[in-house]
Amino acid sequence: MTAPKAPLPSDSPSSKDFIRDIVEDDLRSGKHAGVVTRFPPEPNGYLHIGHAKSICLNFGIAQEFGGRCHLRFDDTNPVKEEVEYVDSIQEDVRWLGFDWGDHLYYASDYFGQLHDWALQLIRDRKAYVCELSAEEMRLHRGTLTEPGKPSPWRERSVEENLDLFARMRAGEFPEGSKVLRAKIDMAHSNMNLRDPVLYRILHQSHHRTGDQWCIYPTYDFAHGQSDALEHITHSLCTLEFEVHRPLYEWFLANLPVPSRPRQIEFSRLSLTYTVMSKRKLLQLVKENHVEGWDDPRMPTISGYRRRGYTPESIRNFCSQIGITKFKGLTDVGVLEHCIREHLNAIAPRAMAVLDPLKVIIENYPEGQVEEMEIANHPSHPEAGTRNLPFCRELYIEREDFMEDPPKEFYRLGPGREVRLRGAYFLKCHSVIKGDSGKVVELRCTYDPETRGGNNPPDGRKVKATMHWVSARHAVPAEVRLYDRLFKVESPEAGDDDFLSLLNPDSLKILSDCQLEPALARAMPGDRFQFERLGYFSVDPKLSRPGSPVFNRTVSLKDSWAKVKGQ
RNA sequence: UGCCUUAUGGUGUAACGGUAGCACAACAGAUUCUGAAUCUGUUUGUCAAGGUUCGAAUCCUUGUAAGGCAACCA
């Protein structure tokens, strides 16, 4: 079974936003000849859907304006960073459909240059070695409403600073004993300008530079200069860096950098029913609340990939939500809409019964088997057809039968008739129950005049069409249903421990599902619509040849569930 | 009792001094061999008060609310 050659919905044209307006102005005015952006993840975790927003923005702008986008790892803190993350980030960006070409960089590539620039600031009397402890420094810094006090080490001589900084680098001092600070303004209303730290001592080996350094630059001292070294024109970041911008500009103004990038901030993505903080995602993984970074319930790129999302749907989502400075909360329903829209267009249909209820067709010949020809996609005839075996014993969805159905329920019940999709009309005559009173089997008859599911000559109509599989031919399989990971809309909002807000029913494993025979040959990553149920894809980790495990990517919209819920 | 930022239907966004539009959601109807999809229609909005202007969501003032900032994290 192959996916139909349905036209992919092309990414909807990115709507204009205030950042694209700025880029366009800068190009038109001649301020820049071309645009260069960058995506600068810290390799301390896996990428999530919020990063996808930034990736689509940065790579998207580069594409639209004929520029380029760099992938740069912001690896200035060896305590938290690992190569596993470096690798997963590259895989995820590529999977999303973006290409950085030759422009793969690391902030650690610039450690030498950054060190030279630190020396220059010392010589210019704009930086000094400070021996205050972290606690003392905090006390000296003042508060939001009171100015800070200068460090007692603030007025050291250039020679002494040079000597001390060299010995910091040489490894003569323990961690935390000394830092290099910029000399700016201890009374500034922006705390970031109250003599920020430029370098700290970390006796820690780095995933790229090994033990070459034991002093490491801070984010503030590395980021803007890295941008400048790469001739980034527009440095796009999230809102929490807004207060860092004056510092970003201070370094560019006080150092002989080769270019002058501009930092512009936008709002990060928040999604209902999920957490986006890397710290919390890491905790979910480390404490085994999920099966890993790529657990299909995780809002990570790898989680969505494993769950069956397409890169197109995620890109489309990112362009739908837009870019602003307003800190909102996006309904996860928008993401779900995007994946339904794409999968509806491309996913071949299949029959699967998740909670089987046996049906015996009493007037169907005992030994007979028919091949019923069914379309692979209702709106794409070019996707072809397949044959499904039909016989006297079937499975239908338990949920599609009610012994005492209300008026609004128009599926099967005693004395009721329905259509089996692509097969025959089926009428229920009696119900067989087990010892506990549970319905275990239905006795039905079929109408031979409705072959292929067509209306009979007498003009009889039915309200419902249901999915089914042949009990003699179906293959058993495991199917995993996922629900939102958290019970509440904004698990990050209150003071509650977010773990207490986890949805205990976020994963449901169904081990007794019955699938149409061809599904046994489905390959990892294959996506289908199980008719009337939702979109499902073959789990790449849990499946074995000939026995796939299916993940539910997203359910179909279900207006019966609404009626039922009232 | 600091500085900075933001505010448009239920949600996310557009309108760059000139008809408040789009998407999701919701609701109604049509259609349907998926209670899906598709089609048609409907409901709901410029935080507040002043000011500038022929004209303000847009500019100005004041207020209100929300968010960010006091790591040797990014």
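Just so you know, these numbers use all the heavy atoms, side chains as well, and skip hydrogens, waters and symmetry mates. Below, chain A is the first sequence line, B the second, and so on; all start at residue 1.
- Taking atom C1' in both U5(B) and U43(B), one finds a spacing of 34 Å when rounded to whole Å.
- Remark: Glu131(A) engages Arg156(A) in a salt bridge, criterion side-chain N to carboxylate O under 4.0 Å.
- Proximity note for Thr145(A) (side chain, C-beta onward) versus A36(B), G12(B), U1(B): the nearest is U1(B).
- Within the nucleic acid shown, Asn44(A) has no heavy atom closer than 4.0 Å to any nucleic acid atom.
- For Tyr110(A), the ring-ring contact (aromatic ring centres under 6.0 Å, His included) test picks out no residue, with sequence neighbours left out.
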* Given His223(A) and Tyr219(A), is the ring pair (Phe, Tyr, Trp, His ring centres under 6.0 Å) satisfied, shown in steps? -> CA-CA 6 Å; His223(A) 202 93; Tyr219(A) 164 84; 4.9 Å; yes
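- Side-chain proximity of Glu242(A) to C27(B), C4(B), U13(B): nearest is C4(B).
- One can place CZ of Arg532(A) at 18 Å from P of U32(B), the figure rounded to the nearest angstrom.
- Exactly one of Phe165(A), Trp117(A), Tyr128(A), Tyr216(A) qualifies for a ring pair (Phe, Tyr, Trp, His ring centres under 6.0 Å) with Tyr199(A). That residue is Phe165(A).
- Salt-bridge check for Asp558(A) with Lys564(A): failed, with every basic side-chain N at 4.0 Å or more from each acidic carboxylate O.
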* Reading RNA chain B 5' to 3', how would its secondary structure be written in dot-bracket notation, given Watson-Crick and G-U pairs with both distances under 3.5 Å, brackets [ ] for crossing pairs and | for partners on other strands? -> .((((((..((((....[..)))).(((((.......)))))....(((((..]....))))))))))).....
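- Put simply, OG on Ser313(A) and CD on Gln320(A) are 11.0 Å apart, with the number rounded to the nearest 0.5 Å.
- Listed by first then second residue, pairs satisfying salt bridge (Lys or Arg N to Asp or Glu O under 4.0 Å) with a partner in residues 194-205 of chain A read Arg154(A)-Asp195(A), not counting sequence neighbours.
- Of the residues in residues 417-427 of chain A, those placing a heavy atom less than 4.0 Å from an atom of RNA chain B are Arg419(A), Arg421(A), Gly422(A), in numerical order.
- Between the C1' atoms of C39(B) and U31(B), the separation comes to 8 Å (whole Å).
- In this structure, Phe530(A) and Phe536(A) have parallel ring planes: the angle between them is below the 30° cut-off, well short of the 60° mark.
- Remark: Lys325(A) engages Glu242(A) in a salt bridge, criterion side-chain N to carboxylate O under 4.0 Å.
- Using a cut-off of 4.0 Å between Lys/Arg side-chain N and Asp/Glu carboxylate O, Glu64(A) and Arg20(A) are scored as salt-bridged.
- Counting only heavy atoms from C-beta outward, the side chains of Phe550(A) and Cys513(A) never approach each other to under 4.5 Å.
- Phe73(A) comes within 4.0 angstrom of nothing in the nucleic acid, heavy atoms only.
- A distance-only check finds no donor-acceptor pair linking the side chain of Thr238(A) to the backbone of Glu240(A) [under 3.5 Å].
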* **Base versus backbone protein contacts along nucleotides 68-74 of chain B [heavy-atom cut-off under 4.0 Å; B, S, -]** => BBBSBBB
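- Residue contacts for Gly453(A): at a heavy-atom cut-off of 4.0 Å it reaches a base atom on one of the strands shown.
- Checked against U34(B), A23(B), U13(B), the side chain of Thr324(A) finds its nearest nucleotide in U13(B).
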* Structure fact -> Nucleotide by nucleotide, nucleotides 37-43 of chain B touches protein heavy atoms under 4.0 Å in the pattern (B base, S sugar-phosphate only, - none) S------
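- Taking the C1' atoms as reference points, G12(B) lies 13 Å from G45(B), given to the whole Å.
- Just one residue in the list Phe111(A), Phe73(A), Trp213(A) forms a ring pair (Phe, Tyr, Trp, His ring centres under 6.0 Å) with His206(A), and that residue is Phe111(A).
- U1(B) and G9(B) have their P atoms separated by 30 Å, with the value rounded to a whole Å.
- In this structure, Glu265(A) reaches neither bases nor backbone, as no heavy-atom distance under 4.0 Å exists between it and the strands shown.
- In this structure, His337(A) reaches the C24(B) phosphate: one of its side-chain N or O atoms is under 4.0 Å from OP1 or OP2.
- No engagement by Glu336(A) is indicated, since no non-hydrogen atom pair under 4.0 Å with the nucleic acid exists.
- Counting atom types as modelled, Gln529(A) pairs a side-chain N or O with a base atom of U34(B) as donor and acceptor under 3.5 Å.
- A close approach under 4.0 Å does occur between a side-chain nitrogen or oxygen of Lys562(A) and OP1 or OP2 of A26(B).
- Put simply, CG on Leu271(A) is 12 Å from C1' on U11(B), counting in whole angstrom units.
- An OP1 or OP2 oxygen of U11(B) is reached within less than 4.0 angstrom by no side-chain nitrogen or oxygen of Thr272(A).
- Contact annotation: the side chain of Arg245(A) approaches that of Glu265(A) to within less than 4.5 Å [non-hydrogen atoms, C-beta and beyond].
- Within 6.0 Å of CZ in Arg451(A) there are more than 12 heavy atoms belonging to other residues, nucleotides or ligands.
- Distance CH2 (Trp560(A)) to C1' (A36(B)): 16 Å, rounded to an integer number of Å.
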